[in-house]
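The chains referred to below are lettered A, B, ... by the order of the sequence lines, with proteins before strands, and numbering in each begins at 1.
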There are 2 protein chains.
Amino acid sequence: MSLRHALLGLLSDHPASGYDLMRRFETSLSNVWPATQSQVYGELGKLAKGGFLEVAAEGPRGRKEYAITEEGLAELHRWLTETQPERMRRSEAMLRVFFLDQLTPLEAFTYLSTEAERAAGRHEALEGLNKSVEWDDEPLSVNGRLALEYGLRFTAMYEEWARWAAAQIEARSGQRLASSETGGAPDREPAPQVLLDSQIVGEQSPDL
Amino acid sequence: MSLRHALLGLLSDHPASGYDLMRRFETSLSNVWPATQSQVYGELGKLAKGGFLEVAAEGPRGRKEYAITEEGLAELHRWLTETQPERMRRSEAMLRVFFLDQLTPLEAFTYLSTEAERAAGRHEALEGLNKSVEWDDEPLSVNGRLALEYGLRFTAMYEEWARWAAAQIEARSGQRLASSETGGAPDREPAPQVLLDSQIVGEQSPDL
DNA sequence: CGTTTCATGTAATTGGTTACATGATTCT
DNA sequence: AGAATCATGTAACCAATTACATGAAACG
């Protein structure tokens, strides 16, 4: 039930329409808590009915600008302080590790090396972002910096782990498996330079 | 659609009934890919209908022992080698970080410190497990060791990040926020000593 | 005037969770 | 005899995804 809290969180900053919120989900929250258009509109309706939000203004194309109510702020605060984050379990990447013995050592090695490459690419993108951002003292900037740092640490950890794991497989196989290019991605996405809001966090990935 | 592949993976080792598989989900895969009883039985039916599994034997209480078919093995292999793991996005813990500015510095500090404590507890449990296991050369043991190592690295990384983030909040607040006991858990679950199969992985957690 | 952007919604489907329902076998 | 375990299934519900549907306003 975190979508509602994500919406309350975004609206605690300032009022916005469903359309505005959708864009903020795309730019800021996509990798932390993605949401689709239908979901956003649906949940906004429920939140308004429940008294957590109210339609503060109506605009041009049937635009409804939602504002958080006292009740909504209270609920957001309660969620942040009185409930524990549900830690997420499902990781397809780790599920695969579990069945790696179904592959030849080379195939397993390739999988892990590719994972390492992907993590490295992600890490690089984050570093680019980190440099390109002018960090101010606004709250979003502060939170964004925390999340970005998490992303950097996560991707670094994951790459190292995957390289270590690949080496384990290689050692056990008794063969040299590392080829010149192990299936790594030669062309890597360039680090995005523009960012609205705190895209930063959008660029961070909890699983990778 | 990874549940089906988890089932195929488990059955690639040896035939089993829905009931057996459920237990293996609980002991080995719970933190990587949890599944409920209804889901397991439902999916087994679909997989059998699709020709990926077959009922190899029928036992006492209507027990149906499923065995993987050639087609099932091929699908498992295809999944492992030809598809990329979908990286997971939703992290309630990180979503909260995004809205930490809605809290007082002390409350934010407390949240992050508690997260650090939880990670530390998890890490300790994993280390206990690591010591208590006699590692042999069986494939499950090898895979389990890879996953356990991931868990160790993840929890260590997360704890460090959370402590760093808490310190950031403290520094910005201009106050000393760290109390003698910051809301940390004084009583920590003891590390489980018994483990079936590769519980190891069951003890590893992708998010916190 | 045509395209893009803004803006809202509904419907169908999938994957997952919780709860309900049932009964046979084994163990003490 | 009674409890625990083995064993399978169905139904209701919820959250999320994809696709469909519509139209007003702004921009060029």
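For Glu86(B) and dA16(D), the CD to P distance is 14 Å, given to the nearest whole Å. The interatomic distance linking Glu43(B) (CD) with dT10(D) (P) rounds to 14 Å, in whole Å. When the C1' atom of dG15(C) is taken as reference, atom CG of Leu7(B) falls 13 Å away, rounded to whole Å. Here dG15(C) presents its P atom at 15 Å from CG of Leu95(A), a figure rounded to the nearest Å. We find that OH of Tyr66(A) is positioned 10 Å from C1' of dG9(C), with the value rounded to whole Å. One atom, CZ of Arg89(B), and another, P of dG15(C), lie 16 Å apart when rounded to the nearest Å. We find that CE of Met22(A) is positioned 9 Å from C1' of dA7(C), with the value rounded to whole Å. Atom NZ in Lys64(A) sits roughly 15 Å away from atom C1' in dC6(C) (whole-Å rounding).
Judged purely by distance below 3.5 Å, without hydrogens or angles, the side chains of Glu54(A) and Thr69(A) never pair a donor atom with an acceptor atom. No hydrogens or angles considered: a donor-acceptor pair under 3.5 Å links the side chains of Ser17(B) and Arg63(B). Between the side chains of Arg145(A) and Gln168(B), not a single donor N or O lies within less than 3.5 Å of an accepting N or O. In the model, His5(A) has a side-chain atom that pairs as donor or acceptor with a side-chain atom of Glu75(A) under 3.5 Å.
Within 3.5 Å, a donor on the side chain of Ser38(B) pairs with an acceptor on the base of dT18(C), or the reverse.
Of the candidate nucleotides dA7(D), dT8(C), dA7(C), dA7(C) has the atom nearest to the side chain of Arg61(A). Counting only heavy atoms from C-beta on, Leu3(A) has its side chain closest to dA16(D) among dT8(D), dG16(C), dA16(D). Here the nucleotide nearest the side chain of Pro60(B), chosen from dT17(C), dT25(C), dG9(C), is dT25(C). Across dC6(C), dC6(D), dA16(D), the shortest atom-to-atom separation from the side chain of Trp33(A) is found for dA16(D). Listed nucleotides dC6(D), dA7(C), dA21(C) differ in distance to Gln37(B); the shortest reach to its side chain belongs to dA21(C).
Applying the 4.0 Å criterion to OP1 and OP2 of dT17(C), one finds that Gln39(B) has a side-chain N or O inside that range. Of the side-chain N and O atoms in Tyr41(B), none sit less than 4.0 angstrom from OP1 or OP2 of dG9(D). Contact between the side-chain N/O atoms of Arg63(B) and the OP1/OP2 oxygens of dC6(D) is not found at any separation under 4.0 Å.
Taking the charged nitrogens against the carboxylate oxygens, Arg163(B) and Glu117(B) do have a contact shorter than 4.0 Å, which makes a salt bridge.
Residue whose closest nucleotide on DNA chain D sits further toward the 5' end, between Lys46(A) and Asp20(B): Asp20(B).
Counting any heavy atom pair closer than 4.0 Å across all strands shown, Met1(A) reaches sugar-phosphate atoms only and no base atom.
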